[in-house]
Protein chains: 2
Amino acid sequence: VTSSAARQPDSDAQQSSGPGVDPAGVIDVLGALAYGELSAFERMATDARMAPTLADKSAIASMAAAEYGHFRQLCDRLRDLGVVPEQAMEPYVEPLDTFHDLTPPADWLESLVKVYVGDGIGRDFYREVSAYLDPDSRDLVREVLADMGQAAFAVDRVLAATSANPPLAGRLALWARRLMGEALTQAQRVAIDREAIVRLISSQADLTELGEMFQRITQQHEQRMRSLGLSS
Amino acid sequence: VTSSAARQPDSDAQQSSGPGVDPAGVIDVLGALAYGELSAFERMATDARMAPTLADKSAIASMAAAEYGHFRQLCDRLRDLGVVPEQAMEPYVEPLDTFHDLTPPADWLESLVKVYVGDGIGRDFYREVSAYLDPDSRDLVREVLADMGQAAFAVDRVLAATSANPPLAGRLALWARRLMGEALTQAQRVAIDREAIVRLISSQADLTELGEMFQRITQQHEQRMRSLGLSS
């Protein structure tokens, strides 16, 4: 199996992706998201160990298993595009692993904030980028990004904890800011290394649209922090 | 929802479980196995971090996700029996967590040996015990115990590593013995605490049959060690 960029002449690319959609960019987005789901799976399943009750452990395990299902769907789509999933994911292993290595949650609440705030930013970003994909890939990306109840679960548990112990909110707000900082650092590295993703977006969006996109992502982050009762 | 033991008069118990099957023992077995699957899921997903390649990581994640599916099936069966799954699992949380806390794999190969040797003993034990359950529970237990390719995967990777680096075999053999020792320690604790499981078996099997059962489990363990090329 060869990479899509090597395999497809322009006419094929246009047929499978629609005019104006660079297949290398599509593969980059799907590869990044696939590894994101696989590492979210790993991380949530690992954090299940910290759950204070069996019901919470079972709930986070269920979310982790759903992320694994999404990972499989994205791998299937990559194979349909003639790409070996591992090859498409490879460029994202190091930045995502570095992000997770630098932000190990110290306890269950930090883990929930990471799931909600960290994954939230990722979700918003991929949802925006999905607008620039071919229709089949776009539908799949939007499907795997659907909220599976993580948000309500995290908000419920964090609000209960901070209302019982208000000083916690300060620590968790700092934690969320650290997550944001590390996520942006890794995202910048990816943007520098992976031209195809940048080209995919910039070939279809002008600077104003890009500015609006980042504004929407920022606003949604601030909205999530408000839902948690934390200052952003 | 009340516990099955509190809810069911004898006639009900006989109707749902067949004559001679103590429903409290069935619930104990299903609860132990359910928590075993949940913690196997957690552990395998955690160990995925140590996988040397993306393909290996994806393979172990797939096995972990399958364990989660089994966990869900066992919880559904417990609910069908009128039992809250968390209540049935609770007595096994501490012994299983202690086992896993005392045996953290130091690397990917130790993790694979733990999956193969540790889960293998558990599987053999539950397969033996399944003979003493009501038919529906027995079928479910045998279904969730089916090998999903873990054995071949672990054997393949361990043999490749020890043939490239023979001294490794000594360390891994010691590791397997430590796993066995800790597993037996925790199993003894469970046997002392959970009379219903012991009663379930001893009401249906005589001492000769019990001796044969433990002999079969030991032989299968030795067979697995031979497959790995390790001395038991």
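None of these values were measured; they are calculated from a predicted model. Any value given below was found using the heavy atoms of this structure, including those in side chains, with hydrogens, waters and symmetry copies removed. First the proteins, then the strands, lettered A, B, ... as listed; each starts at 1.
Looking only at heavy-atom pairs under 4.5 Å with chain A, the residue among B:Pro85, B:Cys75, B:Ala61 that has the most is B:Ala61. With chain A as partner, the option from B:Met44, B:Glu90, B:Arg49, B:Glu42 having the largest number of non-hydrogen pairs under 4.5 angstrom is B:Glu42.
Using a 4.5 Å cut-off between heavy atoms, B:Arg43 does not touch chain A at all. At a 4.5 Å heavy-atom cutoff, the contact between A:Ser62 and chain B is made by backbone and side-chain atoms alike. Both the backbone and the side chain of A:Ser58 have a heavy atom closer than 4.5 Å to some heavy atom of chain B.
Side-chain contact annotation: B:Ser137 with B:Arg77, donor-acceptor N/O pair under 3.5 Å present.
Taking the side chain as every heavy atom from C-beta outward, B:Arg79 and B:Asp76 approach each other to under 4.5 Å. Contact annotation: the side chain of B:Leu33 never approaches that of B:Tyr92 to less than 4.5 Å [non-hydrogen atoms, C-beta and beyond].
A cation-pi arrangement is absent between B:Lys57 and A:Tyr68 under the rule of less than 6.0 angstrom and at most 45 degrees off the ring axis.
With values rounded to the nearest 0.5 angstrom, A:Leu109 atom CG is found 8.5 Å from A:Thr162 atom OG1.
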